[in-house]
Amino acid sequence: MTASSSQRPAPQQPAPQGATPPEAPAPRTLPVRELALFGGLALVVLAVFATMGPAYSTRMLVEASCYAILALGLTIQWGYAGQFNAGIMGFVALGGFSATFFSIPVNPAFWASDLPGRLGWVLLAMVVVTAIVFGISRLDRIGLPKLLRTILAIAAGLIGYLVVISWLRSVTGDIESQVEFIGGLGLPVWLGWIVGGVLAGGVGYVIGHICLGLRSDYLVIATLGIAEIIKAFLKNSDWLTRGTATISPLPWPVPDPGEVGFLTARALYLSVTVVMIAVIFFLLHRAYHAPWGRMIRAIRDNEVSAAAMGKSINRRRQEIFVFGCILMGVGGAVLTSFNGLFDPQGYLPLNHTFLVLVMVILGGPGNNLGTLFGAVLVYVIWIMSGPLALALMHAVTALGDSWFDWQPGNLDSRALQARVFVIGLLILLVLRFAPRGLIPEKVAHHD
Amino acid sequence: MNELIYFFNYVVVAGSVTGCIYAIGAVGVTLIYSILRFAHFAHADMMTLGTLAVLLLTLAFPHAGDPLGLPTAIVMLPVAMALTSLVAVGIDRAFYQPLRSHGVKPIVMVIASLGVTLMLQGLIRLFAGTGSQNLYVDARKEIFRIDVPGVTRPIILTEPQIILFVITIVAVVGLHLFLTRARLGKAMRAMSDNPDLARASGINTRLIITLTWIIAGSLATIAGTLLSLDVAFKPDLSFFLLLPIFAAAIVGGVGHPYGAIAGGFLVGFAETLAVFNWSVLLRPVRDSLPTWLELPNNLALVGTEYKIVVPFFILVAVLIWRPTGIFKGKVI
Amino acid sequence: MPLLEAVDVHGGYGGMNILNGVNMTIEADEIGVIVGPNGAGKSTMLKAVFGLLTITQGEIRLRGEAITNLSPHKLVEMGMGFVPQEKNIFPSLSVEENLEMGAFLKPATASRLKAQIYEFFPPLLEKRRQPAGELSGGQRQMVAMGRALMNEPSLLLLDEPTAGLSPRYMNEIFDRVKTINAAGVGVLMVEQNAKQALRIAHKGFVLAAGQNRFSDTGEALLNDPQVAKSFLGG
């Protein structure tokens, strides 16, 4: 009796995040937990199909699959490597912009004017100024005192910046007044998705380069900041994005609803995203079990000993961070294309950063299957909670009115805030009671 | 001369005001870091919560300040500080304390504080909406104009600005005295220096943590209220407030209260200088410039819509060149 | 009744036992010294006494009262003082503030005791306003011991107080330990400099592999040829 019970895996203990549990669960032949959870999820999705109709439900599934790409991006950053990215929204917006810019039609008025040439000159001037400042900052190599070099470099940078920025302001002002905005490139949308990933990866590279040698708190602050800056840029650059005027419609890579009807078009889009997820999933699975993946996890679990074994920690971290950001850019591009509307103000920390965070930590950071599960489950709950929150708000308001004479207006926005609260609470509860998620990462132990 | 007064009004005064607010906010962040060892991302929303408490109390008793000749919001400040501290301690007990006793990594505490910030945000906006509201209920801000001889433009100071400077000085001096004279203040510094030894000396670390939250909650309330008195109560600042405060704390060296004050002023002035339109100062010399050097009308470094770039840029610069901050704090 | 009694103590970190049955007894006003090779569990035993690691088997008693697995905080209240080997000061606090922190539980007696500590360690008096982190290694050790004494402990635990010190300071620290002991404080210390330490010890405990190999008076151990051969370098 004792022998058999000691073979059974220990009950799930709320082990500290990232730490290896004291006892490894015994390997199971049949993944009962996974099957049960996914079966339950399938039932939930079927219930949504039955009540909300197939067109609505397919849309929900497409969006959930886009979120799954974002969540996979975060799960490799946070789950594989222990780097927390709090600026997913920025990478999503960048991907969304790229998808928009590549796919919408060309603006002939812009290209017919002298504005492209002027814009080109400004960009060239930017490059020249950067080169000059960089050159001055290297002047100490030929014997200039360091202090003088610094002063010169700062002065040159400041003056050059002011010249370029005022030039840029006049050109962009003309673009806005003469042709509204520069339009798109009229290219296939998938090209925009790829470039979106590249752009996001580039930003991730710079951020990672600065922060990854430091404690992870810095990365959180920096990603949070860069996300708000990207959003501010996209929102205020009317010449590039039409800003708050928004751009729509955005072309799809598959026939759009106008041609084949809502359900078919969405189903086709869904098949595209599912194939993408399958490819990403396969690549991640290979990488996780490859030496590269083992090294990443070794660094996460014990940085010091990994470094002592001669692993180049910051390089590996950089790779994984950039890779995660690329996925976020691609996911954001796919999501924005599907929505058919580019609205910089529509990118919100709650919807595009924290929702993804909940998906990952609830599903199981570091476990791709768990992340996928978390993404679909949380998205379904999220979508369904909208009407629910509104109904709840009505009930609460009715009570508040009768008890305290409290009559808040604008129930929609308040219902949204109630969801903000719930997401926050959910993060805390998961951290507290299921820190390794519903489908935890399987940590292999070798005795 | 008019240009100089303009510069004084729009840079020196405005920069000091922003600097004071960021400084008080950053001191809170840095104290929490030095005791609890994690970056507290819910600080900005704690500031908003404190201000909301002030607003609600002011709405409830709009004329409480009249006998004292002070704005009601200031009279209500101590009550709101106490309430916010209570909430801060409660949040710690409910959410941070269990994680701490599990011995989680600091980054998990950071994520928890992001969860707390969402909860606070949701609650605040659920009840207060997202629109801005004036803290001067049934009253108006007094504006003082100080004439400078020989100049047509007066120096302008408003009542909340003067209150802000006074309260900042009182808060900073009070905190300094507490940390260097009081037994518990010294114990706080000791715990920040060496938590294990503090425990081995019989210092009650639970008490110190509670005290830290009380101070952080109070300072957050002060900073938020002063900000709202100067402009208006805006419930949706959150991350836009958080970034400059963190930049200030990091510039000053994390865990270093005096550094945080210096960092707050640095970030505040940098922001003000960056959005200041320098062509105003060049106006007197504009006519004497050669024609090929025509100055544009807008010589601001960044537009106000990109103000958030400034603290971010400072943050990045510090992280690249001196991650310990200018006063050699701890590298978090 | 002995001041400190440890009976068959087992314990370690994270499920791995380092102590495999250690016994020791110290009377009040005695100096006990733990010596032994590296990895014998000397510092671990000291930490076990101070409640810094979980004891899985056995018992520790202070003046007859069981203190097994009590928290350090509680033990400080019961009159135990602990000086860790490393990180044993508050570097940014002044010397005086370091001492005050030692008397955190008894603020009323702080000023009287401070004067006493300055008498014990005269170099600290002139440096009392200086941050402790700026002092030399020997002076830091004095601050650390002074801090622990501020609580008027009946038992002082010292973890390698002379590690890394020059011979001059080493002798001074041993002298201080004797003086402290003469003032009525029981001392239990771990030492690498086994010979000098045993010379001032009333009781000596030679540990190896987490167990007592020899326990006797300091003098007897010094004169025991077997101990000298295996543990005192000839």
Polar side chain donor-acceptor pair, E126(C) to Y118(C), under 3.5 angstrom:
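No, no side-chain donor-acceptor contact under 3.5 Å.
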With a 4.5 angstrom heavy-atom cut-off, could you sort out which part of E77(C) is near chain B: side chain, backbone, both or neither?
neither
Pick one of side chain, backbone, both or neither for P91(C), based on which atoms fall under 4.5 Å of a heavy atom in chain B.
both
Please rank R147(C), M150(C), K74(C) by heavy-atom pairs under 4.5 Å with chain B and give me the top one.
R147(C)
Residues, nucleotides or ligands: over 12 heavy atoms within 6.0 Å of K87(C) NZ
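No.
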Should the heavy atoms of other residues, nucleotides or ligands under 6.0 Å from CZ of R112(C) be counted, would the total exceed 12?
yes
Looking only at heavy atoms and a cut-off of under 4.5 Å, which of L197(B), N204(B), N194(B) has the most pairs with chain C?
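Among L197(B), N204(B), N194(B), the one with the most close pairs to chain C is L197(B).
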Taking side chain as everything from C-beta outward and backbone as N, CA, C, O, which of these in D196(B) sits under 4.5 Å from a heavy atom of chain C? Side chain, backbone, both or neither.
neither
Anything under 30° is parallel, anything over 60° is perpendicular, the rest tilted; go ahead and classify H40(B) against W213(B).
perpendicular
Backbone of D92(B) reached by a side-chain donor or acceptor of R100(B) within 3.5 Å:
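Pair absent, no side-chain N/O of R100(B) close to backbone of D92(B).
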